[in-house]
Amino acid sequence: MLLCDRCNKGWHIYCLSPPLKQVPPGNWYCFECLNSDKDSFGFIPGKQFTLEAFRRLADRANKKWFGSGCASRVQIEKKFWEIVEGLAGDVEVMYGSDLDTSVHGSGFPRVNDQRPESVEPKAWDEYCKSPWNLNNLPKLKGSMLRAVHHNITGVMVPWLYIGMLFSAFCWHFEDHCFYSMNYLHWGEPKCWYSVPGSEASAFEKVMRDCLPDLFDAQPDLLFQLVTMLNPSVLRENGVPVYSVLQEPGNFVITFPRSYHGGFNLGLNCAEAVNFAPADWLPHGGSGAELYQLYRKAPVLSHEELLCVVAKQSDWDKNASTYLRKELLRMYKKERTFRERLWLSGITRSSPMSPRRSPEFVGTEEDPTCIICKQYLYLSAVVCRCRPSAFVCLEHWEHLCECKSSKHCLLYRHTLAELADLVLIVDKHESEEMPQSDSLLGNISSSSELNSLKKKVKGAHVTHAQLAEQWLSQACKIFQSPFSGDAYATLLKEAEQFLWAGAEMDSVRDVVKNLTAARKWVQGIRDCLSKIENWSAGGDFEKVAHKRVKKLLSVDPVPCNEPGYHKLKHCTEEANLLVHDIDAALSTFSKLDELELLYSRACSSSIHVEQILKLSQKISLVKVWIDNARKAISNEQPAAVEVDILYKLKTEILELQVQVQEKEMIFDLVSQAESCQARCRSLLSGSVTLKDVEVLLQEMASFSVNIPELALLKQYQIDASLWITKLNDIMINIHQREDQQSVINELNRILEDGESLKIQVDELSLVKIELKKACCREKAIKARNSKMALDFLQQLLADAVILQIEREDLFISLSRELAGALQWEERAKDILACKAQMSEFEDLIRMSEDIVAIMPSLGDVKAAILVANSWLNNSKPFLEPDLSGSSTSRSLLKLDDLKELVSESRFLKITFKQQNVLETILENSKRWQHDAYSLLQDVECLYSVTDIGDGRSNGLILKIEHIVNLIESISKAGLSFGLDFPEIPKLQNACSTLHWCNKVLSFCYLMPSYEDVESLMNISEQLSIMHSSCNLLSSLIFGAKWLKKVSEVISAPVKCNACKLTDAEEMLAAYQDISVAFPMMVAQLTEATCKHRLWQEQVHQFFSLEMGERSWSQLMLLEEYGKASFFTCPEVDIVVSEVEKVEKWKQRCMDAVKTFAGDESSLLCALLKIKGSLDRSLYIYEKSDCFYMCCMSGSEDWDFLTCSTCKDCYHLQCLEYRRNNAEEAYTCSYCQLLVGGLIPPNRCGFLRHNGKYSDLKLLSDLLFVDEKFCVRIEEREILQQIVDQAYACKKCLTEILDFEMSCYNKDQFTAVGKKLTTAWKGDAMNISPEDHLRLKLSELKDIGLQWVDRAKKVAADCGALGLDGVYELITEGERLPVCLKKELELLRARSRLHCICRKPYDERSMIVCGRCDEWYHIRCVNLAFPPKVYICAACMPGTQHLVSSFDSLMDHERCTVEPKTPSPRHKKPRTGPKKSESSATQKMLIGDENGSGIGHLRWRNRKPFRRAAKKRAELDSLTSFFHRPQPIIT
């Protein structure tokens, strides 16, 4: 049994998946612990994300690793392998892998998917059927996966993969060594690494060599997709690795058993599926063997796939070779294992139940082997003790502990059937290359059953000999009377032959005959038993005549059965009864005869099938007679449906029975058919109302309901109702005012009349009246509303045709028509020539009284509308205050004025405003000409190149003159109120010339930085508008130079750091400027000279010796450097040195501020600390002239001298009142040392404020790496403070070390004196009220007791358990006594060594040269110690290291420090490296004194862990330290 190091469950090593050959070294964990969610590693299920949420997560990951920039493939790949190798710590990455496309959708179109409207049907169908569509790839012609019935996700159905940065797929090859195709739909690229399939073994070897501990614990590690190894490691070991970068739109194909892995470079979407062409078959067989070896559950049964594909015969000739070889391999393997089962004594066998759909793979779930988890398609072994457990033929011995005779072989195909499959494939292939004969000979000759022998009943016989013996027994049993036991025994013995090949066909044939004979005899005997039971009386089942007849028809008789003749005799009476019933059913018989036959059949002992027909016919006849009598007796009109009569007639003809009601029914049917014929004759032609009424009167009393007659009656009723409605409508129809209602009523009555099935004469009258009503309705509308003139003329013409023109309505309408015609003639005359507005208005007023719509009325109104519109548009140009109001409103457009003048020529009405607009247009044209001339003068000024200072050449005066002219003409142009295009140009020119004049004014002024900057802001727009202007370009160039100089000299804050060389370049650039700025040039030159002088002073300062440089000079240089206009390296150096010194002083001040109190100066604080240290050192040297007082004391205070120790104390510090001046004073410390008593008033002890500085911090500040350029006085004082502090610390350490080693009373006085001196000098606020002497005495007793216990445990050779040892060590470490030696002995005692896991017991030991683990020479079975010894854990293959002690220590599983990582710790544990290696072997020989213990290294498998605890070396004396209470006065 192998125990899990986490859950302690036990496992057989051969039951593991995959099985282990031996117990692995190190810790081992079962699959339940490895796969637990708590401590799992690799890939674990994550949350569900939408695609948009996953995209945001991927974007955050990209920004986390590479920021917002774009990283290259090399950078991403380097970072990925750093993460894999653990250099970046723990990293969690999301990967949407193995997404089922049948659930989440595919990136390729499918036939059942809904086609988007944006895609053409032709393109959609093309891509749906494309062989490159991954949904079609597995089932293409020639693919072996076409035989798979189920849609296996990932194999038959593609998987989707939504990846992000660093999401990876580890080294693996596809399930069953399939081919795979991966397509990248969109997103970032995917990086692939691949190893050829031919190098798979080399790849696996390198992986095992690099990760031996993982593969020892999990041999199937590569199946788990959690292992990633750098390709560079593989290449270094001779394994070829190829890489490809898959871009969107690329296909990547992996070949069988080609290990591949990779990772994603960002967010992407890919889709993948497997496929299997014919050349995959050998690789699929290898994959199935790997699954069985590592006991992994397969996706499908490889044997089933081979058999189904071979039976389908739709593969091509190229696949025949691969299929034939794979089938032959499967046949040989199956034959070998079945032969082994037979030799092992398994003779029982049984065929498996046939499949419902054998033409597909995976339609039914096969059982799996409980050992190797493989599908048991071809065969399996089962036992009676565990009927639900199955194993394959290879693992039958692991099924149970029962004898082999209780096992049974289950098989789906015999060896003969498997051989036939091979021959079928070979026959298909042999059409071009005949080789069936050779293959058949190979199969036949390969059978070794004839040569294999096993011992049966004391003799060795072959399988064929047993078969011949069985056949001879079968021949004898056929000749003897039937015996059920003999047949069962013979069939059971035949089970060992049925699974074999074609050589056992004769056995199989005999088995079929035996089975058929036994079944036949059982049927004979069962029939006789049922006949006898029924004849004896009781409720027993009858035997079926059909079954008896079938049994008796067997010829020849299978075996000798006496009951055969008896059954034949009993069947003769049943045969006669069947003949009589068949005769009665086939002829016209009477009802009495049928009932007599039924009685005979019921009394027979054999059930005949014809009795059911006979009973059914009798029942039907009786029902028919009842229905016929009801139809005949009913005399009410139309009470009997004609269909019932036809049904009764048909039924009696089918029953073939003689009854008296038959003729009466036939007579009624004849009458009904005659009536139907007359009705159909009327319905087929044009039906008149009179003919229908005559027929209905004749058939009024007929009892049969004829549908056609009822239909004619309904037609007659509908026609009568229609005529009645028409007569009601025709009353006073022409006098009604609501002619629209009349029209609606006539339309409805006309529609109803046309839908009648009978012709009526009144239908034509309805049509004429409808036309008249429509004409009246139009006339009424024309009277009430205006209509077109043509409409009125046509309406009066229609009235004349219908002869209704004499009605009052139409007479009034003719008068209105005459007046309208007269108005139309006058309107045409006015429109022909221009007229006044009044004439047009008269025509409009006259048209309002006319009911007709005039054709010319629209033209008249349009002429008026155009004229009014023109007047409204002209009003802004005709206002008298146009010039004065131009500033308060928007300008008018000149183009609108021109357009109005042009439109006035086409008006049909005359106005006086036309002349006014023409005058305004002429004045505008003259102003435009003057403005154009002035703009030409401005362009000439822009071309001036001689600028200078602007005054000497009169340029400023010219600019001012032109500016005045521009302002004058602009004012005149604005007075028109028109949007002249010249006005913006004039304004722009004016602002430009103002800017130029402003720049020229700076030639004689010292401008500020703000003025220059505002000018430059304006110049950016001017340079765009006047890019080719010489004057403006020169001034802008000069202004830019002026701005640069202003930034250096006049800017309130330095915008950009300016170097001295930049200033010199500015002065050089001034020569190229055509504008003069003399004042700015002079100031810039002065600034450069001052800065050069300051640089010389800096260089002179740093050239001095360290002692000559002063801190004040450096501060002054810094002040001048910051105030300079320029920047240079000297400024940076000076500022840096000042900041460095100031930072150091600030750190020192922070370190001493708790002690310095209110001191603001670092120098004063350090001097104060130095004074306190001087006092302490003097105390340690026992000087008699120093005062033991607090830090705030003074030498002027009164003091007392101790008569014992001669130390001095301030009276104010002691709060002591001296009664007698001659009284001797003894300090409290001396009183404590002499008598151990504490003064009752607790006075005399020193008081301190508890403020101390950190010595380590001060030391670090002193030895800081920074070097200062000046001498610092504070640093020298700090050096003295640190030296004095270390001297004080050394004195205290010596006293305390001596105290910790003190055990006896004699040394107590000396210790007390030293401690007293230490308390005095360092002012530690010590209180003696815990009795130091008693405390040390108790500490001594406790320590001696613990030492005695520790020595006994160290010498007990492992008698006390490790828990007790650990508790004793913990107790000793907590004692405030130095017990280093005894603690080392106990730690050595708690170390476990060797494979026996025992502490050191003085036996001879040897150490491993690699791991430094110690082993007993006897335990590792070494007769003579070698020079260099390597343990079994460091070299697992060495057999000479196996210890004979293993038989005594079976419960101890592991002997060395485990190398397999625990599932709780994902990072590998690494031990400390050895400092050196020795060529000679370390050995330890036990001795009585145990001196070798010190040489052993503590390498326990479970090291002693305990939280480190700092020991307070004077914890037992804490009660002696006194903190003074505040004194209340």
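Because the structure is predicted, anything quoted here is derived from the model rather than measured. The chain is numbered in sequence order, starting from 1.
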**Inter-residue atom distance Gln714.CD - Ile758.CD1, 0.5 Å rounding** = 10.0 Å

**Prompt:** Do Leu620 and Glu651 have side-chain heavy atoms sitting under 4.5 Å apart?
**Reply:** no

**Prompt:** Does a side-chain heavy-atom distance below 4.5 Å link Leu134 with Ser106?
**Reply:** no

**Prompt:** Would a distance-only check, ignoring hydrogens and angles, find a side-chain to backbone donor-acceptor pair under 3.5 Å from Ser684 to Arg680?
**Reply:** yes

**Request:** Look at the side chain of Arg412 and the backbone N and O of Tyr377, then say whether any donor-acceptor pair between them is shorter than 3.5 Å.
**Result:** yes

**Request:** State whether Asp626 and Lys622 are salt-bridged, where the test is any N-O pair (Lys NZ or Arg NE/NH1/NH2 against Asp/Glu carboxylate O) under 4.0 Å.
**Result:** no

**Asked** Side chains of Glu708 and Leu712: does their closest heavy-atom pair fall under 4.5 Å?
**Response** no

**Request:** Indicate yes or no: at least one non-hydrogen side-chain atom of Val557 is less than 4.5 angstrom from one of Trp520.
**Result:** yes

**Message:** Less than 4.5 Å apart, side chain to side chain, heavy atoms only: is that true for Ile723 and Asn727?
**Reply:** yes

**Prompt:** Can Arg355 and Glu304 be counted as an ion pair, charged N to O under 4.0 angstrom?
**Reply:** yes

**Asked** Should we say atom NZ of Lys568 is surrounded by more than 12 heavy atoms from elsewhere, each under 6.0 Å from it?
**Response** no

**Message:** I'd like to know whether CD of Glu698 has more than 12 heavy-atom contacts from other residues, nucleotides or ligands below 6.0 angstrom.
**Reply:** yes

**Message:** Let's go through Lys647 and Thr650 carefully: what are the C-alpha distance in whole Å and the side-chain angles of both, what is the deciding distance for side-chain contact (heavy atoms from CB on, under 4.5 Å) to 0.1 Å, and is it a yes or a no?
**Reply:** CA-CA 5 Å; Lys647 182 178 179 183; Thr650 303; 5.8 Å; no

**Asked** Would Gln610 and His545 satisfy side-chain contact (heavy atoms from CB on, under 4.5 Å), going step by step from the backbone distance to the final call?
**Response** CA-CA 10 Å; Gln610 288 78 0; His545 179 262; 5.7 Å; no

**Leu683 side, atom CG; Cys679 side, atom SG - distance, nearest 0.5 Å** = 7.0 Å

**Asked** Would you call Asp798 and Lys778 a salt bridge, taking side-chain N to carboxylate O under 4.0 Å as the test?
**Response** no

**Distance (rounded to the nearest 0.5 Å) between Ile743 CD1 and Glu769 CD** = 12.0 Å

**Message:** Between Asn747 and Glu751, is the side-chain hydrogen bond (donor to acceptor under 3.5 Å, both in side chains) condition met? List the steps.
**Reply:** CA-CA 6 Å; Asn747 280 326; Glu751 183 178 353; over 6 Å; no

**Message:** Using every non-hydrogen atom in the two residues, find where Tyr375 and Leu300 come nearest and quote the distance to one decimal.
**Reply:** CD1-C, 3.8 Å

**Message:** Please find the pair of heavy atoms, one from Cys570 and one from Ile531, that lie closest to each other, and give the distance.
**Reply:** CB-CD1, 4.2 Å

**Prompt:** After noting the C-alpha distance and the side-chain angles of Ser102 and Asn151, does the key distance pass the side-chain contact (heavy atoms from CB on, under 4.5 Å) rule?
**Reply:** CA-CA 9 Å; Ser102 62; Asn151 290 331; over 6 Å; no

**Prompt:** Does Thr101 reach the main-chain N or O of Pro158 with its side chain, forming a donor-acceptor pair under 3.5 Å?
**Reply:** yes

**Complete:** When every non-hydrogen atom of Ile606 is compared with those of Thr571, the smallest separation belongs to CD1-CA, 3.9 Å

**Prompt:** Which heavy atom in Ile729 sits nearest to a heavy atom in Ile749, and how many Å separate them?
**Reply:** CD1-CB, 4.3 Å

**Asked** Would you find a donor on one side and an acceptor on the other, under 3.5 Å apart, between the side chain of Gln312 and the backbone of Glu359?
**Response** yes

**Request:** Please confirm whether the backbone N or O of Ala601 pairs with a side-chain atom of Ser604, one donor and one acceptor, at under 3.5 Å?
**Result:** no

**Prompt:** Above 12 or not: heavy atoms from other molecules or residues under 6.0 Å from NZ of Lys662?
**Reply:** yes

**Item:** Min side-chain heavy-atom separation Ile644-Asn627 under 4.5 Å
**Value:** no

**Asked** What is the minimum heavy-atom distance between Ala628 and Glu661, and which atoms define it?
**Response** CB-CB, 4.2 Å

**Lys725 bridged to Asp728 by N-O distance under 4.0 Å** = no

**Prompt:** Is there a donor-acceptor pair closer than 3.5 Å between any side-chain N or O of Asn136 and the backbone N or O of Ser130?
**Reply:** yes

**Request:** To the nearest 0.5 Å, tell me how far Arg508 CZ sits from Asn513 CG.
**Result:** 14.0 Å

**Message:** Distance check, rounded to the nearest 0.5 Å: Gln522 atom CD versus Ile524 atom CD1?
**Reply:** 11.5 Å

**Prompt:** Is a side-chain donor or acceptor of Asn133 paired with a backbone partner of Arg110 at a separation under 3.5 angstrom?
**Reply:** no

**Message:** Quick check: do Val742 and Arg776 have side-chain heavy atoms less than 4.5 Å from each other?
**Reply:** no

**Request:** Check for a donor-acceptor pair, side chain of Thr724 on one end and backbone N or O of Ser720 on the other, with a separation under 3.5 Å.
**Result:** yes

**Message:** Looking at His150, I'd like to know if its NE2 atom is crowded, meaning that more than 12 non-hydrogen atoms belonging to other residues, nucleotides or ligands lie closer than 6.0 Å.
**Reply:** yes

**Prompt:** Checking side-chain contact (heavy atoms from CB on, under 4.5 Å) for the pair Gln803/Lys772: CA distance, chi angles, key distance, verdict?
**Reply:** CA-CA 9 Å; Gln803 298 179 0; Lys772 292 180 179 180; over 6 Å; no

**Request:** On the 0 to 90° scale, with breaks at 30° and 60°, tag the Phe478-Tyr487 ring pair as parallel, tilted or perpendicular.
**Result:** perpendicular

**Prompt:** Taking atom CD of Glu673 as the centre, does the number of heavy atoms from other residues, nucleotides or ligands within less than 6.0 Å exceed 12?
**Reply:** yes

**Prompt:** Does CE belonging to Met730 count more than 12 external heavy atoms closer than 6.0 Å?
**Reply:** yes

**Asked** Rounded to the nearest 0.5 Å, how far apart are CZ of Arg678 and CG of Leu695?
**Response** 5.0 Å

**Complete:** All heavy atoms of Asn705 vs all of Glu641, minimum pair found to be ND2-OE2, 3.1 Å

**Side-chain donor or acceptor of Lys649 paired with backbone N/O of Ile665 under 3.5 Å** = no

**Asked** Is the shortest heavy-atom distance from the side chain of Cys602 to the side chain of Ile611 under 4.5 Å?
**Response** yes

**Prompt:** Is the backbone of Lys550 close enough, under 3.5 Å, to the side chain of Ser553 for a donor and an acceptor to pair up by distance?
**Reply:** yes

